[in-house]
Amino acid sequence: MYQRIAIVTGASSGIGKAFIELLARDNGEFFKTPFDEIWAIARREDALNELASSVDGVKIIPVSADLSSDAGIKKVESKLEEEKPKVGLLINSAGMGMKGLMADKSDKALSDTIAINCTALSLMIKIAAPFMKQEGRERSKIINIGSSAGFLPQPGFACYAASKSYVISFSRAMSCELKPMGIDVMVVCPGPVATDFQRRATEGKETNFTDWRKNFVVDPVKLAKATLKASVRGRRMISYPFSQKLLHFASKAVPISWILAFEGKAVKE
Ligand SMILES: NC(=O)c1ccc[n+]([C@@H]2O[C@H](COP(=O)([O-])OP(=O)(O)OC[C@H]3O[C@@H](n4cnc5c(N)ncnc54)[C@H](OP(=O)(O)O)[C@@H]3O)[C@@H](O)[C@H]2O)c1
């Protein structure tokens, strides 16, 4: 008999970690049957081990892998082929962003951002999907962590915003391609979330959001809860919280030339 598992990338901190802690406490609110194991993937082995020993309710299997490398993806693929589990849930939360003008960023910062936010997310879906095919009545779920940054081009955060546009577009296409296999794909587009993301994006200069966005910061557990609820209901895309829904609407209603003129001014100031 196979193990029925969930896989969570970006599990060592922030949103990915919040998903795991929530899934471990799930008493049937999101999934009728608890998972036998959760594979927690990220690079920081210590943080994954700490998570595995602090979480009760489900067995956490730490998988230390750099998903921006071929070797990291191969490590996960080989583990899947060896153990042949049934993957009931895949959450792609691993991601990064680097603030600043493109010209000031290193080649590596740009290519790493695309490698983890776009390539790794796509490859994780490709390698996990064969293990997610529907058996019986239960459909499998893929949840991709996009961002409201993906609604619009963002001078000063260009590569990150473009990478999240990719996540939104790719997720929507996958929700059609994978539907006949019994796999539901959803993308969640949060605004600012209280995690380590901003500190890493500013290379330690800002530990929290300091501009106007500080008023919209949400808790990662609340985001994870709303996301799992929406996924269970079969939603393909959500923006969270409500302020980001308004932003999504505005991004479609306001001419892009006006938005770029406004954003361009903000970058020069
Ligand atoms: N926080 C926000 O304001 C916000 C808003 C919208 C969307 N998001 C998105 O939410 C997702 C999670 O971010 P977060 O806010 O939770 O930030 P975070 O705390 O910095 O978490 C990022 C996670 O990604 C993992 N990761 C990064 N590069 C990796 C690599 N090469 N290989 C494997 N794992 C890697 C990190 O683990 P290791 O360093 O241990 O590898 C960490 O677990 C990201 O996709 C981000 O773009 C965040």
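Order of appearance sets the numbers: ligands from 1, and atoms from 1 within every ligand.
- With hydrogens and angles left out, the side-chain atoms of S148 and Q244 include a donor and acceptor closer than 3.5 Å.
- Sorted by first and then second residue, the salt bridge (Lys or Arg N to Asp or Glu O under 4.0 Å) pairs with a member in residues 21-33 form an empty list; sequence neighbours excluded.
- For residues 141-168, the set of pairs meeting the salt bridge (Lys or Arg N to Asp or Glu O under 4.0 Å) definition, not counting sequence neighbours, comprises K141-D184.
- The 4.0 Å heavy-atom shell around ligand 1 contains residues G10, A11, S12, S13, G14, I15, A42, R43, R44, A65, D66, L67, S68, S93, A94, G95, I116, I145, G146, S147, Y160, K164, P190, G191, P192, V193, T195, D196, F197, R200, F209, ordered by chain and number.
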Name each donor-acceptor pair under 3.5 Å that joins a side chain in residues 114-125 to protein atoms two or more places apart or in another chain, with its distance.
{"residue": "N117", "atom": "OD1", "partner": "M96", "partner atom": "N", "Å": "3.0"}
{"residue": "N117", "atom": "ND2", "partner": "M96", "partner atom": "O", "Å": "2.8"}
{"residue": "N117", "atom": "ND2", "partner": "S163", "partner atom": "OG", "Å": "3.0"}
{"residue": "S122", "atom": "OG", "partner": "C118", "partner atom": "O", "Å": "2.7"}
{"residue": "S122", "atom": "OG", "partner": "Y166", "partner atom": "OH", "Å": "2.8"}

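- Using a 3.5 Å distance cut-off with no hydrogens or angles, the side chains of R236 and S171 do not pair a donor with an acceptor.
- A donor-acceptor pair under 3.5 Å is formed between the side chain of S140 and the backbone N or O of M132.
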